[in-house]
Each structure stands twice: as structure tokens, then as C-alpha cells.
2 protein chains.
Amino acid sequence: MSVSTQGAIAHFCSFPPLRKSCSGVDGKGTLTYCCSSAKGILLAKDFFHEAVKNALVKAGWTISHDPLSISFGGVDMAIDLGAEQLIAAEKGQEAIAVEIKSFLAQSSAISEFHTALGQFMNYRRALQQWDRERVLWLAVPLEAYANFFRLEFPHLMVQEN
Amino acid sequence: MSVSTQGAIAHFCSFPPLRKSCSGVDGKGTLTYCCSSAKGILLAKDFFHEAVKNALVKAGWTISHDPLSISFGGVDMAIDLGAEQLIAAEKGQEAIAVEIKSFLAQSSAISEFHTALGQFMNYRRALQQWDRERVLWLAVPLEAYANFFRLEFPHLMVQEN
């Protein structure tokens, strides 16, 4: 798992939204996104899902799977999104799988991080077998990225895995 | 993460209980446990916690932490149990940390496995820094161990991590 340098972590919107429109993919392949509206904390999970989808589409990706289902080794898994983008005619398609974690305020960040890390390890391993070219991204809210993920321990785990 | 050969996974009781008393640690250091009573699914989490504690005590361990709290790199974590046992006078204490996963029927096994793997990776890394001699165990119900953990994918992830 790596942060912006390899585009493995896409960080998107804070909740509640910071400002109206600031989606895009930077030079390092890191997805950043700020939300334009919010309908309440109970809808936050679906809201994040839509926010990430919209940000990817705005950045030129085509959503190919919603969700991306994988069956491997007796287990069924579902990664939140699959997306594809034409890099250059001769190079063909670039493909990603995106797992979206909402890091909602009412649950503790470390609990979400346990699950996110486990999902990331499992999905990456399954993709190795199922679609070796597809790169796995983890999408987290900008607020979680700017605060929790900068702490020493999460930073270390992201670097080491 | 490894299964019985290194005692990293302790598997305990099925829910509902199979038979009255069959706790113990086998020759490979694997904790097995069957429950003697159950008070309903809502209490299952506490019930498992007590079942594992009792099994450890019966196997000669002294519960030293309940929970075992670790602060490292800006994050507070709590592993379910810490336990110690005198191996031999000259060798001193053997120490373990035990994370208990209930794999309750209403949640999907793969979801619990994502969280279990993430917790295991995070706790093992934190223990490396905090108490290098303490070995991390993951306690799962006998039923989950006998069914889900024998599937190809979970088995592979346990072997590789």
C-alpha cells in the first residue's frame, strides 16, 4: 500500500464538504475531491461512493464495474469500483480497482484502518491472480488523509505494506 | 500470521456450543475450546471473550491484560487479552497477546476476515516496537477455523502473512 507517489491511495472529500468543486487527479496520480453537497450523515456511505465515482469520471476514467466482484479460492469479494482509462492508443487501457472507506466520525479511525488494511491486502492478492494489470486504489476522505494518515503509525503501515 | 504450527491462531468454541468440556492446548500450541453454555447470540461477543479467557487459564496461562492497550505512533490500540506463562525457571515467562474474533453468523466471514487480517498486521507491527517478545495469537471459533479458514484463499493469506 502506498500513498500519493504511486496513486494507491486516492483521497477524496471531507465530510461535511469543504468547498464546492475541486476534483481532479494531480501529477502523481492522486485523486483529490471535495464534495458539493451533503444530505446527512446516514447517507454518507452512498454519498462518498457517488463522490468518488463522479471524481473518477471527471478525471477521465470510465466506470467499468460497480462493484467489481471477484471469486477466488472459495471466497467471493466485492471491491467498490472498477474503472478504466485509455492512456495512449498504443498502450491501451489502464485499469484500477477502488475501495472506498468513509472514515465516518462516529467510528474510530483505527477501527476503520484495521478493516481498510485487511481489505487492501486481500484485494491486492486476489487481483494478482484475477487481473494482474489492475492497480488497487484506496479512497479515503481528505480529512482522514490529512489527519489520521499523517500520524506515525498509519504512515509506517502504509509505507511497509 | 500462521495457523497451528506456530500457535498464532488459537481456535476456540463453536456457537452454539458443541459439547460440554474440551478445552486445552494441543502439542502444537493450538488452543481448542468448546463452550459449556450460551446465553444467546447478542451476548456472543462477551461470551467468546470469557470462553477464551477460561480456556487460557485452564491451559496454565495467567491473564495479565484485559485488554492489552498499546499506544504507538500517535494511535491507541487495544488487543483483547494479554497472557503470560512460566515456561521454565531459567527461561522465564512466555507472553502472548490474543485478539478474539467471533465470526458471528450474521456477518459475512470474508468481512470479519478483512478486519481480522488488518488487526493482526497492525497489532503485530505495534508489538514489534512495544514488546518484541510477546507473540500475537488470533482466536477464532472452531467452526470458522474448520470451514472458512480451510478455504483456499484464507489459507493462502494466512500462509503468506
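Just so you know, these numbers come straight off a predicted model, no measurement behind them. Quick note on labels: first sequence line is chain A, next is B, and so on, each numbered from 1.
Proximity to chain A (any heavy atom under 4.5 Å) is restricted, for B:Met77, to the side chain, taken from C-beta onward.
For the pair B:Thr115 and A:Thr115, the tightest heavy-atom approach, listed with the atom from each and the gap, is OG1-OG1, 3.1 Å. When all heavy atoms of A:Val75 and B:Pro154 are compared, the pair lying nearest together is CG2-CD, 3.7 Å.
The closest side-chain heavy-atom distance from B:Phe153 to A:Asn122 is below 4.5 Å. Looking at heavy atoms from C-beta onward, A:Phe72 lies in side-chain contact with B:Leu156 at the 4.5 angstrom threshold.
Atom CD of residue A:Gln129 and atom CD of residue B:Glu152 lie 7.5 Å apart, to the nearest 0.5 angstrom. Taking CZ of B:Phe113 as the reference point, atom CD of A:Gln119 lies at 12.0 Å (rounded to 0.5 Å). Summarising the geometry, atom CZ belonging to A:Arg125 is positioned 4.0 Å from atom CD belonging to B:Glu160; distances are rounded to the nearest 0.5 Å.
Taking the six-membered ring for Trp, A:His114 and B:Phe120 have ring centres at least 6.0 Å apart.
The same ILVMFWY cluster, assembled from side-chain heavy atoms under 4.5 Å apart, contains both B:Val57 and B:Ile100.
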